[in-house]
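To start, the structure itself, in structure tokens.
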Number of protein chains: 2
Amino acid sequence: MAAREYGQYCGVTRALELVGERWALLIVRDLLVGPRRYGELAAGLPRIPSNILAARLKELQGAGIIRRAPRSRIIIYELTPYGRELEPVVLALSAWGFRALDEPRDEQVVTPDAMTITLRSAFQADAAASLPPTRYAARIGAAELDVRVSGRALAIARGAAETADLAFAAGPGIRRLLSGELAAQPAIATGEIELLHGPAALLDRFALTFRVAA
Amino acid sequence: MAAREYGQYCGVTRALELVGERWALLIVRDLLVGPRRYGELAAGLPRIPSNILAARLKELQGAGIIRRAPRSRIIIYELTPYGRELEPVVLALSAWGFRALDEPRDEQVVTPDAMTITLRSAFQADAAASLPPTRYAARIGAAELDVRVSGRALAIARGAAETADLAFAAGPGIRRLLSGELAAQPAIATGEIELLHGPAALLDRFALTFRVAA
DNA sequence: CCGGATCCTGGATGATACTG
DNA sequence: CAGTATCATCCAGGATCCGG
């Protein structure tokens, strides 16, 4: 038996043998947002050593979780259908881990892909279904996202939306907004969330749409 | 920053910092079935070194995921409410990893706790809701489970039920039954699943009740 | 025997430099 | 850009030991 195997006939152990190594699920997390090049992955995981990134990409490929897709001259990594089915795992980890976050420290970065997954895991489809379609331009830390909600559908793209209904910038306060610890209007009042464009009431709608349940 | 941290402000990274180390989620898996003593955990994870088990228990305790509960003179480990909320994570990993299992190898064991989680992750509450309450005595590898299904409720205990509606013994064939690859009656016909007591038709019901979706 | 603690070694991880 | 190569470090794993 390979040394790193757990010696059990069990789905959990098999899953951990495939994606349980350090950094592996973070690569999957970013690829869940979209196909990425090697350099994009490295940028989204600033602390990963390049040899580890290269090794993980090979292992994930061997396990049938990701594939290399040559596009003209550049190489793109993308999830296979089986790899995409890790989405429930990553979203569950995101929702659970989010509640263990405290205030961000200086050395902690907020990447667009990580924030996209955070919002996906916080998305309340039931609540959104009864709300009008809304487009948000959210700047959270250094990450700018174009967030479109329409009924039970959610689409998040990188970059700021040109014609958002609401544009806002948030720092650490985003955590307490998403956890429900802090309501939208107090967050604006204290400056924890800065409105850049659009009616303040739409931030209440945002808070209804995205919520990490306690 | 601690060396083992990922340097991102993100729920996924936080979760992996808390339960991403080797063996940690397997301890959680077994504790999701019920409180366990140190020796019971060691027995359910035959290949874990005792120092690693001790270290993980301390770390999980420090993270507020498990707690030590002194019962008279013995020490019991159990999940905290926050730890119990890892259940969606573990079940999602179980369902995903189950599909990557191939035939069990000789050195792979099947523990009662692992099998309990497997069945929980495969439980189809919607299908079960329209079926009559049923009690199964399932022997899978060396693990004997008492499985009671009543409407959308599922209760699994260790040991064989005395008065089950259906008693059966399965080996590797259980995987193909749960995956839908193999139907109940062919599994009986080929001897992959051995009926010990009760009508064969109840194995069809079992297969409808427990299914790892592809 | 239970519930660990201690010591030691090998391999995985991490930092850095380098290359087609 | 997309990785290798090299070297240092640290953790996992195995064996052993200890206190109640």
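Please read all numbers here as calculations on a predicted model, not as lab measurements. All chains are named by letter (A, B, ...) in the order of the sequence lines, taking the proteins before the strands, and each is independently numbered beginning at 1.
Atoms CG (L57(A)) and P (dC1(D)) sit 16 Å apart, rounded to a whole Å. The separation between I75(B) atom CD1 and dA5(C) atom P is 10 Å, rounded to whole Å. Taking atom CD on E59(A) and atom C1' on dA12(C), their separation rounds to 10 Å, with Å as the unit. We find that CG of L16(B) is positioned 16 Å from C1' of dT13(C), with the value rounded to whole Å. One can place CG of L53(A) at 13 Å from P of dT13(C), the figure rounded to the nearest angstrom. With rounding to whole Å, I27(A) atom CD1 is found 14 Å from dA2(D) atom C1'. If you take CZ of R73(A) and C1' of dA2(D), they are 12 Å apart, rounded to a whole angstrom. E21(A) places its CD atom 13 Å from the C1' atom of dC11(D), with the value rounded to the nearest Å.
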Give the intermediate values and the outcome of side-chain contact (heavy atoms from CB on, under 4.5 Å) for residues T134(B) and V147(B).
CA-CA 8 Å; T134(B) 314; V147(B) 181; over 6 Å; no
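Inter-residue side-chain proximity for L145(B) and R139(B) is flagged as unmet; no heavy-atom pair is nearer than 4.5 Å.
Taken residue by residue, residues 30-40 of chain A places no heavy atom nearer than 4.0 Å to DNA chain C.
Atoms CZ and CG, from R176(B) and L101(B) in turn, are 13.5 Å apart once rounded to the nearest 0.5 Å. Taking CG of L202(A) as the start and CZ of F168(A) as the end, the distance is 10.5 Å to the nearest 0.5 Å.
Taking the six-membered ring where tryptophan is involved, the planes of F210(A) and F123(A) are tilted, since the angle between them lies from 30° to 60°.
Checking dG4(C), dG14(C), dA12(D) against every side-chain atom of I52(B), the shortest atom distance belongs to dA12(D). Of the candidate nucleotides dG4(C), dG14(C), dA12(D), dG14(C) has the atom lying nearest to any side-chain atom of W23(A). The side chain of K58(B) lies closest to dA5(C), out of dT13(C), dG3(D), dA5(C).
Tested against Y136(B) for a side-chain contact (heavy atoms from CB on, under 4.5 Å), the candidates T209(B), D165(B), L203(B) yield a single pass: T209(B).
Close to dA2(D), at under 4.0 Å from its OP1 or OP2, lies no side-chain N or O of R68(A). At dG13(D), one or more side-chain N or O atoms of R22(B) fall inside 4.0 Å of OP1 or OP2 (strictly under the cut-off). For dG4(C), the OP1/OP2 oxygens have a side-chain nitrogen or oxygen of Y77(B) closer than 4.0 Å.
Among residue pairs with one or both ends in residues 88-112 of chain B, those qualifying as ring-ring contact (aromatic ring centres under 6.0 Å, His included) are Y82(A)-W96(B); sequence neighbours excluded.
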Between the protein and nucleotides 15-19 of chain C, are there any N/O to N/O pairs under 3.5 Å, and if so, what are the atom names and distances?
from	atom 1	to	atom 2	distance (Å)
dA15(C)	N6	N51(A)	ND2	2.7

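Ion pairing between D113(A) and R158(A) holds under the 4.0 Å rule for side-chain N and carboxylate O.
Between the side chain of S94(A) and the main chain of V90(A), no donor-acceptor pair closer than 3.5 Å is present.
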